[in-house]
Amino acid sequence: MKEGKNEKSKLQDSAPENGVETNQYSSVSPPASPVAQDEPFSTYFEDKVAIPDNVSQVFSFRKLWAFTGPGFLMSIAYLDPGNIESDLQSGAKAGFKLLWILLGATIIGLLLQRLAARLGVVTGMHLAEVCNRQYPTVPRIILWLMVELAIIGSDMQEVIGCAIALNLLSMGGIPLWGGVLITITDTFVFLFLDKYGLRKLEAFFGFLITIMALSFGYEYVLVRPNQGELLKGMFVPYCADCGPVQLEQAVGIVGAVIMPHNIYLHSALVKSRDIDRKNKNEVKEANKYYFIESSVALFISFLINVFVVAVFAQAFFNKTNIEMHMHCNATDSPYANVFPLNNHTLEVDIYKGGVVLGCFFGPAALYIWAVGILAAGQSSTMTGTYSGQFVMEGFLNLRWSRFARVLLTRSIAITPTLLVAIFQDVEHLTGMNDFLNVLQSMQLPFALIPILTFTSLTSIMNDFANGMVWKISGGVVILVVCAINMYFVVVYVTALDSVLFYVFAALLSVAYLCFVGYLVSQIAHSSFLLETLEPCTQPILSSDHVG
């Protein structure tokens with residue numbers, strides 16, 4: 001009995017300091033700040049944004065403005081070059097018919113981002129930090145590696161996207177590898193903008209989103225899509241005369257929109273506001289305004305994605321390669337040879353997308369498209385670097401200097417990206433993009449399962465834990481999303497048409513499913529232990545108490 005009491009006391013919050021109680025609304029306490037370091041620890045949250053406290057209205061635009069920022073940084077992941085390529089392929093292959101899939105995926109993404117924001121607000125810790133305290137060392141390292149793979153895959157798409165944009169803007173003068181080096185270098189410069197203030201950094205990201213909206217909006221106005229077909233495709237969940245190509249594209253849309261590392265990112269970004277976690281009303285208010293801000297941000301990102309889908313649905317649906325070749329020749333475009341002389345349906349990526357726009361609507365359309373892609377790639381590669389920092393710090397509990405952290409996280413993707421840029425032709429990158437989407441799809445369970453589980457535990461979230469409706473609907477959403485993305489993986493592997501790949505994929509799938517099952521069993525075990533303790537007083541189990 002005494003032993004049980006001692007064990008229980010180890011799991012309780014520390015005693016009050018200076019007469020101030022620890023957070024009574026969350027059992028998870030943030031990690032203690034390092035006190036003995038040669039160099040001060042510097043993060044994105046160095047200066048927290050103050051929230052107006054003299055506003056008594058049910059809704060305040062002043063408070064919404066104070067909370068505005070993290071959601072827009074998070075929404076950039078919905079606008080990265082991988083998403084833009086998925087959009088234009090959707091329009092070119094299925095017309096307006098898959099817009100309802102894009103809408104549904106964005107709504108699912110919003111619900112998952114809501115969970116991520118709530119975890120960060122209520123606990124004062126981001127998802128990687130909570131995982132660090134929940135899992136034993138070996139599974140925690142494997143989980144970290146899986147998330148890092150997703151970040152590397154996304155980062156490669158983003159850096160290559162910037163390199164393609166620079167290639168288009170320079171009329172081929174800047175080779176792909178040169179654009180990669182430029183993007184990697186300027187990202188270091190931009191990331192240090194937060195030294196001049198958090199709000200200035202967020203304003204810079206807002207500026208990049210504005211560039212995307214204006215660039216792709218210009219293409220939308222130029223092409224003038226059929227509004228009736230657009231609305232029908234957005235709100236009628238039906239795909240007439242669709243075959244395997246359109247089905248694969250629908251799966252690809254979901255895989256491109258729901259990105260695992262973005263869940264980790266958003267749960268960390270919300271920590272940038274000065275919220276008193278001991279005050280339940282402040283926590284509740286923060287959750288409300290963050291949800292509103294995320295909704296607005298994702299609505300804007302959805303509109304930008306719709307612009308891209310609609311442009312290619314209206315202008316290039318069911319077009320063939322030879323049609324593109326002849327039209328580019330007729331307009332004296334230097335890119336006519338990009339399209340082979342055959343009657344195959346046009347296959348476009350972000351490079352060929354700019355080319356066909358230039359051929360049909362003039363050089364201005366090509367350059368404006370490239371500017372939009374550059375803004376998308378530059379902003380998303382910066383937030384990808386932040387994701388890498390938060391994930392590395394959270395899982396490994398590292399406390400490095402800003403420069404060391406940026407250098408490591410930026411360097412992780414340099415080698416594979418440069419190899420692709422050196423050995424791959426800029427005109428034939430679609431296959432790589434499909435592979436990277438598959439890679440990220442496989443990592444989805446390693447973000448979705450933890451975020452749903454942790455936000456459902458009253459011992460972690462207390463009054464803000466998910467209700468039964470959220471638990472059931474969240475579980476169904478996660479199962480559907482994971483099933484869709486696993487289908488995407490199967491389709492991709494079977495298309496390789498190689499027995500060796502089949503065997504390798506089968507072995508990898510067994511190991512993958514075993515690890516996912518292990519995480520679920522550990523989470524269930526930890527949930528049982530946590531829920532049997534007194535709520536609101538115990539911190540999450542450390543790795544010493546699990547397994």
Side-chain angles (χ1 to χ4, degrees), residues 17-33 41-76 110-111 113-127 129-130 193-207 209 262-300 383 386 390 394 451 455 460-465 536:
E17 298 180 9
N18 301 325
V20 179
E21 294 287 339
T22 54
N23 177 20
Q24 59 178 314
Y25 298 108
S26 170
S27 60
V28 182
S29 299
S33 300
F41 181 55
S42 177
T43 71
Y44 171 84
F45 320 113
E46 199 167 38
D47 297 315
K48 293 195 174 184
V49 176
I51 305 300
D53 57 1
N54 58 347
V55 180
S56 57
Q57 300 101 310
V58 175
F59 176 81
S60 166
F61 281 103
R62 283 182 59 202
K63 284 199 172 184
L64 179 60
W65 177 248
F67 282 105
T68 297
F72 280 88
L73 268 67
M74 167 274 296
S75 72
I76 285 171
L110 174 62
L111 299 180
Q113 297 299 341
R114 175 184 180 270
L115 297 182
R118 285 171 72 87
L119 180 70
V121 169
V122 175
T123 67
M125 301 172 68
H126 56 74
L127 182 56
E129 291 174 320
V130 178
L193 282 174
D194 60 2
K195 293 292 287 184
Y196 297 95
L198 179 59
R199 297 298 267 177
K200 290 184 176 65
L201 177 70
E202 292 173 346
F204 178 69
F205 279 99
F207 171 70
I209 292 175
N262 205 32
I263 305 294
Y264 287 87
L265 174 67
H266 197 199
S267 67
L269 293 175
V270 296
K271 293 168 59 179
S272 60
R273 267 49 182 178
D274 189 12
I275 301 166
D276 182 7
R277 291 173 51 242
K278 296 185 292 293
N279 186 321
K280 182 177 180 179
N281 288 331
E282 283 198 24
V283 174
K284 184 176 181 180
E285 184 179 66
N287 286 330
K288 177 182 75 173
Y289 282 108
Y290 273 134
F291 182 66
I292 295 172
E293 186 234 4
S294 297
S295 300
V296 173
L298 288 188
F299 176 72
I300 293 173
T383 54
Y386 274 121
F390 295 137
I451 195 64
T455 54
I460 294 177
M461 303 291 288
N462 202 306
D463 295 342
F464 298 97
C536 312

Task: Test item: Asn262 and Gln113 side chains (from C-beta on) under 4.5 Å apart, heavy atoms - done: yes
TODO: Kindly write out the residues that satisfy side-chain hydrogen bond (donor to acceptor under 3.5 Å, both in side chains) with Thr455, not counting sequence neighbours, or none if the list is empty.
DONE: Asn466
- [ ] Identify the two heavy atoms, one from Arg62 and one from Pro52, that lie closest to each other, and give their separation to 0.1 Å.
- [x] NH2-CB, 3.6 Å
TODO: Calculate, to the nearest 0.5 Å, the distance between atoms OH and CG belonging to Tyr290 and Leu64 respectively.
DONE: 11.0 Å
Task: Worked verdict on Ile275 versus Val270 for side chain to side chain contact (heavy atoms under 4.5 Å, CB included) - done: CA-CA 10 Å; Ile275 301 166; Val270 296; over 6 Å; no
Task: Student check: side-chain heavy atoms of Phe390 and Glu129 closer than 4.5 Å - done: no
Task: Side-chain (Ser294) to main-chain (Phe291) donor-acceptor, under 3.5 angstrom - done: no
Open item on the list: Rounded to the nearest 0.5 Å, what separates atom CG in Asn287 from atom CZ in Arg114?
Closed with: 7.5 Å
Task: Min side-chain heavy-atom separation Met125-Ser267 under 4.5 Å - done: no
Open item on the list: Any side-chain to backbone donor/acceptor pair from Arg273 onto Ala66? Under 3.5 Å, distance only.
Closed with: yes
TODO: Determine, for Glu285 against Lys288, whether the closest basic-nitrogen to carboxylate-oxygen distance falls under 4.0 angstrom.
DONE: no
Open item on the list: Whether the side chain of Arg277 engages the backbone of Val283 through a donor-acceptor N/O pair (distance < 3.5 Å, no angle test) should be reported.
Closed with: no
Open item on the list: Rounded to the nearest 0.5 Å, what separates atom CG in Leu110 from atom OG in Ser75?
Closed with: 11.0 Å
Task: Derivation and outcome, side chain to side chain contact (heavy atoms under 4.5 Å, CB included), residues Leu119 and Met461 - done: CA-CA 7 Å; Leu119 180 70; Met461 303 291 288; 4.0 Å; yes
- [ ] Check whether any side-chain N or O of Glu293 sits under 3.5 Å from a backbone N or O of Gly69 as a donor-acceptor pair, and report yes or no.
- [x] yes
- [ ] Quick one: closest heavy-atom pair of Glu202 and Ser272, and the distance?
- [x] OE2-OG, 4.4 Å
Open item on the list: Parallel, tilted or perpendicular, judged at 30° and 60°: which one describes the rings of Phe67 and Tyr289?
Closed with: parallel
Open item on the list: In terms of relative ring orientation, are Phe59 and Phe61 parallel, tilted or perpendicular, with 30° and 60° separating the classes?
Closed with: perpendicular
- [ ] Begin with the C-alpha distance, continue with both residues' side-chain angles, and end with the deciding distance and a verdict on side chain to side chain contact (heavy atoms under 4.5 Å, CB included) for Met74 and Leu298.
- [x] CA-CA 9 Å; Met74 167 274 296; Leu298 288 188; 3.9 Å; yes
- [ ] Taking all heavy atoms of Ala117 and all of His266, pick out the closest pair and write down the distance.
- [x] CB-CE1, 3.8 Å
Task: CG on Asn279 to NZ on Lys284, rounded to 0.5 Å - done: 12.0 Å
Task: Donor-acceptor contact below 3.5 Å, side chain Arg118 vs main chain Phe464 - done: yes
Task: Test salt bridge (Lys or Arg N to Asp or Glu O under 4.0 Å) applied to Asp274 - qualifying residues, sequence neighbours left out - done: none
